[in-house]
Colleague: 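Let me give you the structure first, and then I'll get to my questions.
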Amino acid sequence: MTSELTRDYSITFFYYDDIHAVVPFYEEVLGFELVLDQTMARIYRIAPNSYFGIVDGNRGHLKHQPKSAVLLTIVSEDVQAWHDKLSAAQVPGLSDMLRGTFCEHFFFEDPAGYAIEIQRFHNPDVAKLFR
């Protein structure tokens with residue numbers, strides 16, 4: 001339960017065999033803002049109340065898995081600009097721009113194979129549910 005004195009938020013963590021190998025991807029390619037470096041984990045701000053972290057899968061609560069079954073979705077108003085940026089950086093697994101029933105979006109992979117999606121809800125009634 002949230003009161004006026006608290007502000008809840010979430011952090012999604014991905015676990016890596018070698019987090020140092022993916023740091024440049026998240027900080028330089030994606031441009032995520034580093035909020036906290038805990039040595040075995042790094043936490044980034046994606047948006048005002050949206051956080052993402054990378055963890056040393058040899059030391060963290062969970063262990064790195066060779067094949068992930070998780071998808072990080074970043075909602076952005078300018079999906080095409082993200083696609084152009086990642087295309088210029090030759091990011092692996094970059095899909096074409098897609099338009100579905102609820103959103104325009106595309107997928108790509110980080111250096112360890114985790115799936116990431118950038119999307120925008122094109123229906124204003126749906127988009128306002130997340131504001």
Colleague: Can you tell if the side chain of E27 reaches within under 4.5 Å of the side chain of R42, non-hydrogen atoms only?
Modeller: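 SC-SC contact between E27 and R42 confirmed.
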
Colleague: Taking the hydrophobic residues Ile, Leu, Val, Met, Phe, Trp and Tyr, and joining any pair whose side-chain heavy atoms are under 4.5 Å apart, which ones share a cluster with L98?
Modeller: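 Reading the cluster by chain and number, L98 sits alongside L71, F107.
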
Colleague: Quick one: are the ring centres of F13 and F52 less than 6.0 Å apart?
Modeller: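 No, ring centres 6.0 Å or more apart.
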
Colleague: Are any of the side-chain heavy atoms of H83 and L86 separated by less than 4.5 Å?
Modeller: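 Contact flag for H83/L86 side chains = no.
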
Colleague: Please say whether more than 12 non-hydrogen atoms of neighbouring residues, nucleotides or ligands are located less than 6.0 Å from CD in Q90.
Modeller: no

Colleague: Taking side chain to side chain donor-acceptor pair (under 3.5 Å) as the criterion, tell me which of E117, R99, H122 meets it with H105.
Modeller: E117

Colleague: Output all residues satisfying side chain to side chain contact (heavy atoms under 4.5 Å, CB included) with D84, sequence neighbours left out; order by chain, then residue number.
Modeller: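 Result, side chain to side chain contact (heavy atoms under 4.5 Å, CB included) vs D84: Q80.
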
Colleague: Would you compute the distance between atom CD1 of I74 and atom CD1 of I116 and round it to the nearest 0.5 angstrom?
Modeller: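 The CD1 atom of I74 sits 6.0 Å away from the CD1 atom of I116.
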
Colleague: To the nearest 0.5 angstrom, please state how far the OG atom of S50 sits from the CZ atom of F32.
Modeller: 8.0 Å

Colleague: If you link ILVMFWY side chains whenever their heavy atoms are less than 4.5 Å apart, which other residues fall into the same cluster as V126? By chain and number, please.
Modeller: V75, F102, F121, L129, F130

Colleague: Using 0.5 Å steps for rounding, measure from the OG1 atom of T73 to the CD atom of Q119.
Modeller: 5.5 Å

Colleague: Heavy-atom distance under 4.5 Å between the side chains of D56 and Y16, does that happen here?
Modeller: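 No. Closest side-chain heavy atoms not under 4.5 Å.
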
Colleague: Which value, rounded to the nearest 0.5 Å, describes the distance between T12 atom OG1 and I43 atom CD1?
Modeller: 11.0 Å

Colleague: Under 6.0 Å between ring centres: does that hold for Y9 and Y51?
Modeller: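 Here the rings of Y51 and Y9 have centres that are less than 6.0 Å from each other.
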
Colleague: Can you find a pair of side-chain heavy atoms, one from Y44 and one from E33, that are under 4.5 Å apart?
Modeller: no

Colleague: Can you measure from CG (L36) to CZ (R45) and round to the nearest 0.5 angstrom?
Modeller: 11.0 Å

Colleague: How many angstroms lie between atom CG of L94 and atom NZ of K85, to the nearest 0.5 angstrom?
Modeller: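 Interatomic distance, L94 CG to K85 NZ, rounded to 0.5 Å: 13.0 Å.
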
